[in-house]
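Sequence positions, counted from 1, serve as the residue numbers for this chain.
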Amino acid sequence: MGTDAGRDGAGRLMAETTQMQAGFKELMADRTVRILVLCSLINSVGFFSMMPFLALYLADITTLPPAAIGAFTGSIALVGAVGALAGGVITDRAGAGSLLRAGFALYTVLGAALAVVTAPVVVLPLIVCLGGALMLVGPSLKKLMSLAAGEGGGLVFRMRFMTLSVGAALGPLLGAAAYNVSRSALFGVSAVLFVLCLILVHARRDALRALDVRSEAARRERWAWTRSLRDARFRLVLLSSVLVTLVFAQFESMIPLYLKDEAGDSAPTLFAVVFAVHAVLGFVYQWPAAWLARRMSMPAQATVGCTGFAVSFACWGVSAGRLWVLLAGVFAWTVGEAILMPMADLITHRIAPDEEKGAFFGALEIRYLGFFAGPILGGALLGGGTWNYFGVMAAISFAAWPVLRSRSLTREAP
């Protein structure tokens, strides 16, 4: 009897997995979706091929102190996060396809300029302007992906997260190879990738224009940029997302510092291994995460995700630099990441009106302020001692949990 029940359960699991894979295939059969996912991938590779090396590049060509270099590199996320609120509204007014092309064109121009200009007085403003391209591309690309996917929005945003994982893995490798050739090659490679995205979206401009839904209310209303923030459900989404990114920011900011204290000279190698495993798992985990989303309520998913983050901090806190314990933490961390990081996009896809998706997705970029505040909080805690840091961060891992359990969100949850 038990054997039969086990076989039935295994059969259901296999059937659901096959159905989910079919959903991905069906979505990717749409040419517009394929183009947008491909652009998301190329854009991620181009962006991450530059970002890890900007601080090193500024240290080579300027005499700025580390804090100032950090401020300039961090300004990209800051400008992109705050500016995306306006970028999203402009997307709804002018058209997502037009804004997407403008964003990729700006990325291309900035990358080409950085490849040929070395004077710090010009380079520093150019780096800040990368945030302007970020604020145009983010909301417009998400709006178009949401509209193109329709009811398959949950899957398309998991695909988008996969492209980010692949970009975070391949981009730095490509950037390192280019940087070893020359500083100009670093930015030249990114410029080529961005212009490729521009060519792809320009070739599909008619299909994207037909897909786009513009907001007449946004054209008439003076304070249209605040409409998303006046939605009580969206405010909960934004709050939970800021709390999640604040925790997520620890992986690339504080964990390397902890490893430096624990492992000394072997810290870079350890973190390279940890980061590579994390990038691969971030891609692979989206299939089980999509499967869980079909079987579990959003509060249950939030519990699993927050627990994954908390367990990872516990593992890293007792690792003493041992690779197998670090990797156990990475497995738990990526469970939390795969569930929680795409969740805000998935919910926003469901609750935002089609004609205002640009404004909603633009406002959602405010969550990246968590990447600004996270390292500051983490640094303060780590300065107070290892157990102080890991204990408090394990507790903060559950900060978003009560917000994601709100009834107003669970009614609209994917």
Side-chain angles (χ1 to χ4, degrees), residues 20-21 23-52 76-77 80 84 96 100-101 103-104 107 111 130 133-134 136-149 152-175 189-190 192-201 204 208 241 245 248 251-252 275-290 293 334 337-346 348-349 361 364-365 367-368 371 414:
M20 184 182 66
Q21 292 173 341
F24 277 108
K25 291 179 180 179
E26 182 180 351
L27 196 57
M28 288 298 287
D30 186 291
R31 186 178 180 186
T32 300
V33 172
R34 288 201 307 272
I35 291 295
L36 293 173
V37 171
L38 180 59
C39 282
S40 180
L41 174 61
I42 298 172
N43 177 60
S44 297
V45 174
F47 187 78
F48 285 112
S49 67
M50 285 192 301
M51 281 302 296
I76 298 173
L100 186 58
R101 293 197 301 274
F104 284 137
Y107 264 141
L130 287 171
L134 186 63
L136 297 177
V137 169
S140 55
L141 181 57
K142 286 184 181 180
K143 178 177 181 178
L144 289 170
M145 293 181 81
S146 178
L147 293 172
L155 294 179
V156 83
F157 282 109
R158 294 199 182 279
M159 291 179 188
R160 179 181 176 275
F161 193 78
M162 291 177 185
T163 66
L164 293 177
S165 297
V166 173
L170 298 182
L173 297 177
L174 181 60
V189 166
S190 292
V192 170
L193 292 173
F194 291 136
V195 79
L196 179 58
C197 289
L198 178 59
I199 292 171
L200 287 173
V201 296
R204 294 291 294 170
L208 296 179
S241 193
T245 56
F248 185 74
F251 184 77
E252 295 181 19
F275 190 83
V277 172
H278 162 258
V280 172
L281 290 177
F283 179 87
V284 173
Y285 272 21
Q286 286 306 308
W287 274 278
T334 315
E337 175 188 353
I339 293 174
L340 295 178
M341 287 300 286
M343 189 172 282
D345 286 332
L346 303 182
T348 302
H349 164 75
F361 280 119
L364 188 58
E365 299 301 289
R367 64 181 163 175
Y368 289 105
F371 284 111

TODO: Report the relative orientation of the aromatic rings in Tyr107 and Phe194; use parallel for angles under 30°, tilted for 30 to 60°, perpendicular for over 60°.
DONE: parallel
Task: pair Leu100-Leu136: side-chain heavy atoms closer than 4.5 Å - done: no
Task: For Leu134 against Gly80, the heavy-atom pair lying closest together - done: CD2-CA, 3.9 Å
Task: Criterion side chain to side chain contact (heavy atoms under 4.5 Å, CB included) on Arg204 and Arg31, from CA distance to verdict - done: CA-CA 9 Å; Arg204 294 291 294 170; Arg31 186 178 180 186; 3.6 Å; yes
Task: Straight-line distance of Tyr285 OH to Met162 CE, nearest 0.5 Å - done: 13.5 Å
Open item on the list: For the CG atom of Leu164 and the OG atom of Ser40, what is their distance to the nearest 0.5 Å?
Closed with: 5.5 Å
Open item on the list: Nearest 0.5 angstrom please: Leu193 CG to Cys39 SG, how far?
Closed with: 11.5 Å
TODO: Go through the steps for Met50 and Val189 under the test side chain to side chain contact (heavy atoms under 4.5 Å, CB included), then give the verdict.
DONE: CA-CA 9 Å; Met50 285 192 301; Val189 166; over 6 Å; no
Open item on the list: Could you go through Asp345 and Arg367, starting from their C-alpha distance and side-chain angles, then the distance that decides it, and tell me whether this counts as salt bridge (charged side-chain N to carboxylate O under 4.0 Å, His left out)?
Closed with: CA-CA 11 Å; Asp345 286 332; Arg367 64 181 163 175; 3.1 Å; yes
Task: Heavy-atom closest contact (Thr32 atom, Ala148 atom, distance) - done: CG2-CB, 4.4 Å
- [ ] Measure the CG-CG distance between Asn43 and Leu38 for me, rounded to the nearest 0.5 Å.
- [x] 11.0 Å
Open item on the list: Would you say that Met145 contacts Val33 through its side chain, given a criterion of any heavy-atom pair below 4.5 Å between the two side chains?
Closed with: no
Task: From Cys197 atom SG to Ile35 atom CD1, the distance as rounded to the nearest 0.5 Å - done: 10.0 Å
- [ ] Decide if the gap between the ring center of Phe157 and the ring center of Phe361 is smaller than 6.0 angstrom.
- [x] yes
Task: Gap separating the CE atom of Met343 from the CZ atom of Arg158, nearest 0.5 angstrom - done: 7.5 Å
TODO: Indicate yes or no for a side-chain donor-acceptor contact from Ser49 to the backbone of Val45 under 3.5 Å, with no hydrogens or angles considered.
DONE: yes
TODO: Find out whether Met51 and Leu130 are in side-chain contact, i.e. whether some heavy atom of one side chain is under 4.5 Å from a heavy atom of the other.
DONE: no
TODO: Evaluate side chain to side chain contact (heavy atoms under 4.5 Å, CB included) for Glu337 paired with His278, printing each intermediate quantity in order.
DONE: CA-CA 10 Å; Glu337 175 188 353; His278 162 258; 2.5 Å; yes
